Structures are given as structure tokens and as C-alpha cells.
Amino acid sequence: MTAHEPSARELFEVLIRDNGEALMASIRANAGANNADDIFQDTVLVAWRRLADYDRTRPFGPWLRGIARVLAMEYSGRRARLRLADPATLDLIERHVAAFERYSGTSAEPAMSFRERLSALDDCLAQLPSMYAQTVQAVYRETRSLSQIAVLLGENEETVKKRLQRARALLAQCLTRKTAFGNDSGVVA
Amino acid sequence: MNETPTPTPLDDARDRVLDALLIQHLTESTQSTEARYQRAFIALDAARDAAREEEGRAPLSLRTSGRARDSALRLSRAALLMFAAIALLMLTPVHSSATMILAETMTGETRALQNASDRRYEVAVLLQSRDSRNAIDDNDVWLRGTWDLRGRESRLDLGREGFATLTRVDSVDGAWEKPLNENARTLDSNELWPRWIEERDGRIAVERMDALLRLVQRDYDAAFARAGSESSVYLRGAMHIVASRRGDVRGPDEIELWIDTQRNVVLEARLRWSDAGPRAGSPTRDARLPPRDGPPPRDGPPPRDGWPPRDGSPSRDGSPSRGAPPFDAGPPPHGGRPPDSGPPPDDDYRRARGALPPSPPRELRLRRIEPISFPADHFTMPVAK
């Protein structure tokens, strides 16, 4: 006789919570933000139904993201507004997300949550020139469109767009230096 | 005019991942993430319940062949249930927030289970008296003890004030108990408690804190507020949840929880059973909670702690108090229930060999004691002398 075991469902919930944020980042990167919540929910349903197929010797996160990728492809066939990445890009996205998932900062803390890993972005945002940082904050924190920002700053929308691209490139370089991001070929240095 | 060049897969992947990380970092909160998990788990439950219902309804011969044909129906039912559940969550923010707090705490408690960390709860059980409608008084019989947990092992030491303690243990090597003044013996059941509280799948919820939280989440209507003057001083500032039973699930009529939302742990739980409606002097659920938006009051006298006095139960000569059964005497007359309600069916409750009556107590209190660390052999069955 053994002591009381947690049920498969309880363990599944813990696994989803542990891997949910990386899953959401992957879905948004693969398929955009518009359908991300629907794909997330379907991924959880499919993962539960196919739990018997999961190889316990391998990490759960990539398996979950693999399901989400297949579902995103199915969604893209049905929903015109879904901007699914092409297959080569999908592979690179997974490498970046996996690199971010392994990132342990300076503390080498293996149990670091995805949310704690995201704090690496704060360092990188702090290093951005103020013009770039302002644009990032306006787009993401204040959820303004590029055209709204252009009007507010009295600038061309294309200028704002390029500034945002440049800001992302600088953030990517910063994260790569921290080994929280893959390098140009998506591989962690 | 220069056209924007088509991004390479490398640039596209980088931008997409950064876009996703920035959205996550700058726009999402712990609450919105938790709400996403809740929606997914509700959808999962709805799909599972719908599938079970269909399975149960179909004749045996059709259960396999009809699966494919029924899948569309099941999905539509699941979608309907899911829609209803999500609508409920959206329309009742108080309840959904309580649900989120419970879910996060449940995860924390499940993790503690997996990490095999040492945890101790002080236990107090108020047995049913002959007149269970009376408010708690000095003649009531309290059993007291500790409930120790390390990973999936647990140990319950319980006894009446002034009497020897009975120990029941569920260890990885099997269950055992050490009755009063006897050698330890193995048990054929690993249940520490009678079946006062039961999960839908038949497990006993009180044996695991995460299972108790799951029960509250699924089968109770919960309201919450920051603990104020209605709570013990040391619990103020914790999240105070008061939950009332919904439907005919086997469990207490009311469960009060105090949760440390920083660490996602239950600091104290009080479970109350009442056979004849609200007890005299027992405040309603809403009266027990402070105003939702107000800070806990800082002035006024501290409330009565609520824990039974340690020297109150036994009489001076050590004999049982009025109406009190001896600790190892088994269930009280009528199983502690009013005579007209009759004893519970035989398969309702399992005996815990006299340590606890098979019918529910009036109240069960669990208070977390920390920090704590047990010796290595705390859950190991002692060798007979």
C-alpha cells in the first residue's frame, strides 16, 4: 500500500501552470495575439486527451508547444486574420522560446519561473536609448497603435515603425548577451 | 520611395518572440494569467463531464461504436457548458477572484506535496454534543493534536486533553497506528480520517490541503475579503475566504480559510457541520467578513482567538466532562446526530478505530504551525518492544 498520490489531473494542472507562460509566448509568436487565448485553451484540452502519448523522459514544455503549433496551423486554415509564421520561422521561434525557458540569470536558479525570467527584459529595456524605450512602452504598456504614436509625437508612422524594429533588435542583442535568447541562427551561445 | 524589405526568417522569428515576450511582460498580470488557466481548466472539466455523461447514457453495446458519431454532440455540449461557466466567471467577479486565489493556493499546496517539505497543522476537533444546536461552551469535547505532512506522508496525533494520544500514520511503507498504551500495528486502510469530507472521486478531502481547496473550488460558493477584526490578530491581512456548500456533496456546511497570498499557503481552516440550520450565535457568511473595500480596522479590542481553551475540556479529576465520550469509546450515541435524523448508512462513513467518531464533528480546525522540521523517522512505524 502506498501513501495518497496526487491525481493525474492535479499533476497536469501543475504542469500547465509551470509551462503556461512559455506556451502563451510561443503561441503569440507563432500565430499572433488575436487567437492566442483560443489556441491556448484548445492546447490544454488536446494535451489532456493525449497525455498518454507524452514521453515522461522528455520535458513537458516543448511537447505542449508542439501541440499548440499544430493547432495554430489548423486555425490558420480557418481564420484569415491569423498571421502564422512560415515553417522555417516556426523552428527558429521554438529555439528562442526554449533558450528563454532555460535562462537562469546570474543566480543559476533552476526553479526560476517564466515570469521571473521575464525580468531580464527590464535590464534590457533600461539599457535602451530613451527614444526607443518610449516607443516600446507606448506600444506595449499603453497599447497604442503606431499611427496613434506617430500623431502624438508628430512624426511619420514609418519612422515610428522603424524605431520599434530597431528597439526590438537592440533588445534581442541584449537578451542574447544574457544567453536568454538564441543567436542569429536561433542557437544559444 | 523605399519599400520595406521582406523580413528574413531570422528577423521575423526574433521580432515575433520579442513581441510575445513584451506583451507578456508589459501587459499581463498574475491575475490575467490565472484567469486564462481557469478558463482552460473549466473547459477541460466541461468536456470531461460531457464525455462522461454521454458514456453513462449510451447502452453498453453502443459505447464504443457510437463514440465517433457522438463526438460532435459532446463538443457542442462541452462548448455550451464552457460558455456558461465562463459567463458565470465574468458575471461574478467576487467568486472568480476567490476561485483564482484558491487555484493559486492549490498549486502552491500541490507543489509542497511534491517537494516533500515538512508541514504541521495544529488540529482541534469539536465533537457533536447531544444538543448540537447549542453554541460552543465549556462542556463541549475537543480533541486536539497535530497533523504532520512530508510530501505524501502524513501523521495524525490526536487525543483528548489529559488523555493519551492515538497516532495514525500514512507512510510510503504503508499505514500504521499506535493505539493507547499498545504497540504500533499496521493498518489495512491508509485513511487517517473518517469519511466526513469526500471528493467526487471518493477520496477524503481532509487528508490533503490541496484536495480540500479543490473541493471548495468546485462545490462551494466562496466569498472573500482581507481578514480584519473578525479574525485572529495573527491572521489579519491574510485572505479570508468563507465558503458555503452547494448541492449535496459530502462535506461541511461551511468552510472558512485564511490564506497567505504571498506564499500561497493556507494558514488556518475551520470546517463547520450543522444538522439543523445555522447554530445559535453563529454569524452569517457575510457578517463574518469585513467590508470588501475597507482596510482591516486597527482599533478596538482584539477578538477572541476562537481556539478552545487548552485547560477547559477535562474535569479536574480527569473524568470525562458532561456529555463527553471517552477518547477511544467510538461514536457517541446516535452517531452524534439528532435522534430523528437516524444513523448514517453503513457505507457512508468508515470507522477510525475509536479515534474519531464516524459521523462529522461540529467543527474541525486546522492551524498551520511553522517553521517545523521532523526527525527522519517521524513517519516510520516503531518496532514493537
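The chains referred to below are lettered A, B, ... by the order of the sequence lines, with proteins before strands, and numbering in each begins at 1. If you're wondering where the values come from, they're calculated on a predicted model, not measured in any experiment. Hydrogens, waters and symmetry mates are skipped; everything else that's a heavy atom, side chains included, is used.
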Inset, instruction - Below 4.5 Å from any heavy atom of chain B, which atoms of A/Asn30 appear? Answer side chain, backbone, both or neither. - result: backbone

Legend entry - A/Thr143 portion near chain B, given a 4.5 angstrom heavy-atom threshold: side chain

Legend entry - Check: B/Thr33/A/Arg17 side-chain N/O donor and acceptor closer than 3.5 Å: no

Legend entry - Among the listed options B/Thr27, B/Leu21, B/Asp11, the residue most often paired with chain A at heavy-atom distances under 4.5 Å: B/Leu21

Inset, instruction - Determine the option with the most heavy-atom pairs under 4.5 angstrom with chain B, choosing from A/Ala88, A/Ala36, A/Ala29, A/Gly32. - result: A/Ala29

Legend entry - Structural part of A/Ile27 lying under 4.5 Å from a heavy atom of chain B: neither

Legend entry - Residues B/Tyr121 and B/Asp148: side-chain donor-acceptor under 3.5 angstrom: no

Inset, instruction - Name the option with the most non-hydrogen atom pairs under 4.5 Å to chain B; the candidates are A/Asp91, A/Leu171, A/Leu121, A/Val139. - result: A/Leu121

Inset, instruction - Answer yes if the side chains of A/Arg28 and B/Gln24 hold a donor-acceptor pair under 3.5 Å, and no otherwise. - result: yes

Legend entry - Contacting moiety of A/Glu21, where chain B heavy atoms sit under 4.5 Å: both

Legend entry - Donor-acceptor pair between A/Thr89 and A/Asp86 side chains, under 3.5 angstrom: yes

Inset, instruction - Using a strict cut-off of less than 4.0 Å between a Lys/Arg side-chain nitrogen and an Asp/Glu carboxylate oxygen, indicate whether B/Arg214 and B/Asp210 qualify as a salt bridge. - result: no

Legend entry - Part of A/Phe40 within contact of chain B (heavy atom distance under 4.5 Å): side chain

Legend entry - B/Glu28 versus chain A, the contacting section by heavy-atom distance below 4.5 Å: both

Inset, instruction - Kindly say whether the aromatic ring centers of A/Tyr54 and A/Phe60 come within a distance under 6.0 Å. - result: yes

Legend entry - Between A/Asp55 and A/Thr57: side-chain donor-acceptor atoms closer than 3.5 Å: yes

